[in-house]
Number of protein chains: 2
Amino acid sequence: MSAAQTLQAFCLSVFGILLCVAGVDAQAPAPAPTPMATPLNLMPYPADVQQGSGALRIDASFSVALTGYTESRLDRAVQRFERQLFHQTAIPLTPPKAGAVKSAAARLQIHTDHASKEIQELGEDESYTLEVTSDAAKLNAATPLGVLRGLQTFLQLVEVTSDGFAVPAVTIHDQPRFPWRGTMIDSGRHFIPLDVLKRNVDGMEAVKMSVFHWHLSENQGFRVESKKFPKLHELGSDRLYYTQDEVRDLIAYARDRGIRIVPEFDMPGNSTAWFVGHPELASGPGPYEIERRWGVFDPAMDPSNEKTYKFLDEFIGEMAKLFPDHYFHIGGDEVNGKQWDANPKIQEFKKSHNLANNAELQGYFSKRVQAIVTKHGKAVIGWDEVFIPGVPKDIVIQSWRGQASLAQAASQGYRGILSNGYYIDLGWPAARHYAADPLSGPAANLTPEQQKLVLGGESTMWSEYVNAENIDSRIWPRNAAIAERLWSPQNVIDVPSMYARLDVIGPRLEWLGLTHRSYYRRMLQRIAGTATPEEFAALRMLADVVEPVKDYGREKLAPVEPTSLTPMNRLVDAVPLESDPARRFSDAVDKFIASSCHDAALEASLRAQFIAWRDNDAKLQPLAQRSFLVKEAAQTSADLSALGTAGLAAVDNIAKGAPAPDAWKTQQVAAIQEIQKPKGQLLLMPAASVQKLVEAAATSGACAQTN
Amino acid sequence: MSAAQTLQAFCLSVFGILLCVAGVDAQAPAPAPTPMATPLNLMPYPADVQQGSGALRIDASFSVALTGYTESRLDRAVQRFERQLFHQTAIPLTPPKAGAVKSAAARLQIHTDHASKEIQELGEDESYTLEVTSDAAKLNAATPLGVLRGLQTFLQLVEVTSDGFAVPAVTIHDQPRFPWRGTMIDSGRHFIPLDVLKRNVDGMEAVKMSVFHWHLSENQGFRVESKKFPKLHELGSDRLYYTQDEVRDLIAYARDRGIRIVPEFDMPGNSTAWFVGHPELASGPGPYEIERRWGVFDPAMDPSNEKTYKFLDEFIGEMAKLFPDHYFHIGGDEVNGKQWDANPKIQEFKKSHNLANNAELQGYFSKRVQAIVTKHGKAVIGWDEVFIPGVPKDIVIQSWRGQASLAQAASQGYRGILSNGYYIDLGWPAARHYAADPLSGPAANLTPEQQKLVLGGESTMWSEYVNAENIDSRIWPRNAAIAERLWSPQNVIDVPSMYARLDVIGPRLEWLGLTHRSYYRRMLQRIAGTATPEEFAALRMLADVVEPVKDYGREKLAPVEPTSLTPMNRLVDAVPLESDPARRFSDAVDKFIASSCHDAALEASLRAQFIAWRDNDAKLQPLAQRSFLVKEAAQTSADLSALGTAGLAAVDNIAKGAPAPDAWKTQQVAAIQEIQKPKGQLLLMPAASVQKLVEAAATSGACAQTN
């Protein structure tokens, strides 16, 4: 997946995940934004939307009819649609109606032209047309996949109005920009239970994603039952693995939702968990234990041993049968080569095979494994590192390096998908992921034919710091912004519109069973213990405006080395990765400054906010004495109070109409910069905006010129 | 269950549920409260608690050992315990440990003397002893049931401290006061999905309840698969029924948790759904349709037809095999007799059998059915109405009428359980249920031997206004107070202590999967549609202090007749039945008045509250224009603002130090009384306390003398 050996000169590869983001060209060249004066609350935004007048009322008489080509998957899709419609409206459809009716009188008429492929393929037709008038709605699609996409659009259109639930009149012609729109979940580092995966697949369906990339083996766990080599899961998983029945169950579940499942078995590195049961595969002597720490470790498969390939042939053969998708991910990242260097037999092998260095040795291994995968009827997908001279053209390169890698591959006729920019474990705001475009930077210069080789992208949920409790919140709602980037036209890039729609779509995703919002209070409750309501409110006020440190700060700032057994019960585990209140506060400060600080209503609300922050610490301190989980945030709480005081002073100064003294500003800014340093691995998000306000207050000509 | 024919003279029986609460002696004679200076956060509070010093730390090395008698149920209980401990602390226990270890070094040593019965019986030993020191904990019990109860106590003891999670040192000797501690859920009127039942069974286990009474047939639905008479569920359920496999699954699930499942099939009334598939059972000509309305309806089984008894013999025989519990509930309530009166054959039958009236006819039917139940090896339980002269002594009477019924039955040697006072669908505050004691009022005068015939009680969740979305919130957390009434010693009656503990236990119950808190925001989100954060906060402020009308107000105040198809998407469906913020506000006002209105901190917080209420309506009104579900509460929102204004005026007047003019008081009180009238089926809970404050402000001698 991530930081490769070959780039170690300038990219530090530790903790099993990408430690460099330099050189990322996340900023697409700015095409003209699509005009969206009052955009509908749709995400991803469709390719073409024509708003009409009037609305289709949703009431108990609502019904759905399927015409044209039908199959049981469509019936189930309609039942799911009706269940979701019920969640959104609580209107029971008149019994005994359940599922599609064959009636021309149905309020939603669905027409499907023909079947899609028996095993979903890359690039199948997902287009649809949705026409809604005040009388009825028509959804037309070439294939069931288009119907699935269109049904999600319809559900997003349902809104509460002044006299009931309704869908506004609209005509939508829609199809995706990229065929490969994926999310990877790392079930290796922390096991993620099947029901959690299912609800995330539901979320992916809701935002029209097409691929679930299932990262199934890591140093910390081998997560699939192997009937051929049962020691793999029995000894390599702490008994936390998916049975083959469960795998089949999830594959069928995903297929029903128009989502392919691409399995990944990472090799030759990141494979300690394999060696617990099968030390003979490793390049160094055993025995091995399941790794508990994070990072890049020495154990790697022995590329010089024919038994390794025999084993992999049998194993990949078994998994190729279990996973029907055409693509099979072989990982390929993060081999530090130490075991190879330490093994004379392998050194011998390198010499006898004219392999100049470990990269070439890994290339040899990769070619052998690719041949095995091909033999079993699959095409290889792997991280950047698998792109070695002479690999077959049907390979897909998953790039953590960036658009340049994709451009280089495409210029040689190879296909790729982008993950650089979509590392959702890094804690970036949605806007930053949203700005990453697979066809920006070097890829923008490709010919149209070459651009077609860029298949799309995948967000990656590495799981060092997630488990069943908080994983939803680390994926959603930000993943919806990435889904939009990959589906919608390239010129859909308006960030305020994205956030406005995300504010609506995000909470709705919880109706699917996702817990990205509800988990938060439960985790705070645990942190708070027997807090009084006032203390809990104070904790909430603090928690609402902090975020975990970004990128790889969790490791860097950890007081003790984190492991897979470290409890994830701290504030840093509980708070969302992107604070909505902090974002809104920042917007409010910008707007206030842009108003030359004349907007009285904004001033009043900023003032109220500052007072609340200023007074919050005193309310929280008693709880910090009782709960070690609150105590850890005591300094951050004091900092928030200080920010409140500073903000209030800034507003007071602004109200005086004369610039505040430079000395005051210098002192305040210095204090705020101390506050901006992470504590307890938390960032106090409003600090930068308070600093803006302080600077505005001290700038002559009032604050108007500071923006 | 409920309002019986025989009491119609003074009890109106409609809507299928008890319409009279007069004559209830819910107030137990007040024994001296157990001294609980700083009670532990336990609910139900144990019989005997001796607090020690120090605490047992909970960390990754925590482990559990089972000694003495063991069985697989105990292993599963330990696994569940560990999962729950993980939820409460997020501390992963060191792998590969999962489940009980056989080690004397385990931090929690469990010893079980012997097995409990293969099919859980009424009155089995549930006692346990739990000793916790700073080194280790010991849980000893005669049977697995006692272990189950003790494990829940241990989990409740886990708390966050200043340096980690811990259990305080304590010695507890505990056993239940009553053996029958139940909750009834009505799956008839609204189908309640199996997973929802399961999480409620989890909740029942957490508060040591012993019986799940499953109300399975109603006019609105027949909810169990019958293999003998498949038309019962196929035609009588809108396809919303439990398969026999699902029933067995839930029974095993409940047994694992020390909970018996008592099925109820209501007859001869409340049985329209049976007649959709089997009109030949009815006393009037068919055809029949599933009833959609609420209330008492005419259809009743034909007691004069031998075929009815033949059918019931086969049906009860089938169900007696499916449900292993010794008790079989035959309902027996709410027969209005109209079909009997209209059927000449039945009139003839009455004459020929010397049955003077319909009550005697129902008695005849009841005796016949009781004989069938007995023949199939079960004992009958039924509502008050089944208590007819000469019934066998093994019958159990479930009393909706009250303690007098129980006393009367007990004095004749019959056993009973109390449900009067525990109708949790009526929207009463927890304190009111908590005050109802099975052995108060007339039952207090029974001899000790007779008192033993009073087996306990059951809360009843009738489901006219609940579905999968909000049922948890209609049961929890108030059900925990009832569980305490039935488990804890009779003198555990301190209401502030109960609420203080409920405030801790209530949120924790959500770790079991219950949604009684998280549902609320989702439902408000649906009501709010695309509200801004400020609008949503305003809606929340209003919603936080309203409650649905009490008792049978939902029907009385409904603008159109509610049915089983009425969407439950309104504010009245979304808000909790008991408002915690309103309760705390009321406590604050009482405390302020008790301080002679001299408590400055309280005054400041009341003032802030009043200002927030006063200003709230303006923030909410724009949303009320856009959402019909908010519009319905527009007047209540205006009322809340008026309350804020009135409260502020009262506090201002009090601050002046002289009584406010009588005319002002009169005017304010009149306005508040208008505000107290329900609107949109909602009650604005703080109104009474604001009135108190107004009256205090106008009372000479300042406010001290008004309390």
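The sequence lines fix the lettering, A, B, ..., with proteins before strands; numbering per chain opens at 1.
Between A:Leu629 atom CG and B:Asp163 atom CG the span is 11.0 Å, to the nearest 0.5 Å. Between the OG atom in A:Ser627 and the CZ atom in B:Phe165 there is a gap of 7.0 Å [rounded to 0.5 Å]. Interatomic distance, OG1 of B:Thr530 versus CD of A:Glu159, reported as 7.0 Å (0.5 Å rounding). Note that OG1 of A:Thr532 is 8.5 Å distant from CZ of B:Arg584, once rounded to the nearest 0.5 Å. How far CZ of B:Arg526 is from NE2 of A:His87: 9.0 Å, rounded to the nearest 0.5 Å. Rounding to the nearest 0.5 Å gives a distance of 13.0 Å between CE of A:Met568 and CD1 of B:Ile91.
In terms of heavy atoms, A:Ala90 sits closest to B:Asn569 at CB-CB, 3.5 Å. Contact record, B:Val160 with A:Ile527: CG1-O, 4.1 Å, taken as the closest heavy-atom pair.
Chain B forms more heavy-atom pairs under 4.5 Å with one residue of A:Gln625, A:Met523, A:Gln525, A:Arg522 than with any other, namely A:Arg522. Each of A:Arg521, A:Gln88, A:Glu469 has some count of heavy-atom pairs under 4.5 Å with chain B, and the biggest count is that of A:Arg521. Chosen from A:Pro507, A:Gly529, A:Pro581, A:Ser564, the residue pairing most often with chain B at heavy-atom distances under 4.5 Å is A:Pro507.
With a 4.5 angstrom heavy-atom cutoff, B:Arg508 does not touch chain A via any of its atoms. Neither the backbone nor the side chain of A:Ala468 comes within contact range of chain B; no heavy atoms are under 4.5 Å apart. For chain B, no part of A:Ser605 is nearby; none of its heavy atoms comes within less than 4.5 Å. Contact annotation for B:Thr515: neither backbone nor side-chain heavy atoms come within less than 4.5 Å of a heavy atom of chain A. Residue contact with chain B, scored on non-hydrogen atoms closer than 4.5 Å, involves the backbone and the side chain of A:Glu510 alike. Contact of A:Asp573 with chain B is not made at all, since no heavy-atom distance falls under 4.5 Å. When heavy atoms are compared at a cutoff of 4.5 Å, B:Ala500 does not approach chain A at all. Contact of A:Asn41 with chain B is made through the side chain alone, with heavy-atom distances under 4.5 Å.
Residues B:Phe86 and A:Asn467 are in side-chain contact: their nearest non-hydrogen atoms beyond the backbone lie under 4.5 Å apart.
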